[in-house]
Amino acid sequence: NELEVLRTTPFSLLQDGERAFTSPDPALDQLHLADTKVTISPAPDGTVGLKKIEISIRWITENGRRAERSITTLIGDKAS
């Protein structure tokens with residue numbers, strides 16, 4: 001699960017920006033035209049040692065509609 005990979009990543013390696021999932025997930029193969037995104041940014045209130053993490057998956061359903069699921073959380077620097 002991508003979120004668990006991020007939680008175990010050293011805080012210093014969590015670089016701000018957007019990217020696709022990096023961990024393999026066989027369940028994604030079951031979604032038609034799945035598009036994954038991870039967005040890492042500074043904490044909304046500017047707290048040092050805290051990152052905002054947004055994870056989303058978009059795909060086309062069997063009825064041809066676009067579906068999206070996302071989760072947002074904060075990850076803190078455990079060394080602080």
Side-chain angles (χ1 to χ4, degrees):
N1 167 313
E2 191 71 15
L3 181 56
E4 294 309 315
V5 169
L6 290 168
R7 285 186 175 160
T8 60
T9 300
F11 189 81
S12 62
L13 298 179
L14 295 175
Q15 299 299 314
D16 293 352
E18 288 185 7
R19 62 167 175 79
F21 285 16
T22 57
S23 58
D25 189 339
L28 290 175
D29 295 336
Q30 298 176 21
L31 300 176
H32 182 64
L33 297 175
D35 178 39
T36 63
K37 183 170 71 169
V38 174
T39 304
I40 301 174
S41 58
D45 65 357
T47 301
V48 175
L50 198 61
K51 298 274 188 181
K52 178 181 174 184
I53 310 293
E54 297 176 85
I55 297 174
S56 65
I57 304 170
R58 297 174 74 178
W59 72 96
I60 304 296
T61 69
E62 59 191 31
N63 297 322
R65 295 184 176 149
R66 181 159 288 285
E68 181 174 3
R69 297 295 180 265
S70 62
I71 185 169
T72 301
T73 191
L74 298 172
I75 292 180
D77 186 357
K78 296 173 188 86
S80 295

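The structure presented is a predicted model; accordingly, all values stated were derived computationally and were not measured. Count residues from 1 along the sequence. Reckoned from all heavy atoms, side chains included, excluding hydrogens, waters and symmetry mates.
With salt bridges taken as basic N to acidic carboxylate O contacts below 4.0 Å, one links R19 and E2.
Linking ILVMFWY residues whenever their side-chain heavy atoms come closer than 4.5 Å, directly or via other members, leaves V5 and F11 in distinct clusters. Residues F21 and I71 fall within the same hydrophobic cluster, defined by Ile, Leu, Val, Met, Phe, Trp and Tyr side chains chained together at heavy-atom separations under 4.5 Å.
In this structure, L50 belongs to a hydrophobic cluster whose other members, linked by side-chain heavy atoms under 4.5 Å apart, are L74.
Looking only at side-chain heavy atoms (C-beta outward), Q15 and I40 stay at 4.5 Å or farther from each other. I55 has its side chain within reach of L6: a pair of non-hydrogen atoms, C-beta onward, lies under 4.5 Å apart.
Expressed to the nearest 0.5 Å, how far OG1 of T73 lies from NZ of K52 amounts to 11.0 Å. From R66, atom CZ reaches atom CG of D35 across 7.0 Å, with rounding to the nearest 0.5 Å. Here the OG1 atom belonging to T9 is positioned 12.5 Å from the NZ atom belonging to K51, to the nearest 0.5 angstrom.
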Identify each donor-acceptor pair in which a side-chain atom of residues 56-63 lies under 3.5 Å from a protein atom, sequence neighbours left out, and give them as a table.
from	atom 1	to	atom 2	distance (Å)
T61	OG1	N63	N	3.3
T61	OG1	R65	N	3.2
T61	OG1	R65	O	3.2

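In plain terms, the two heavy atoms of T39 and E18 that are nearest each other are OG1-CG, 3.4 Å.
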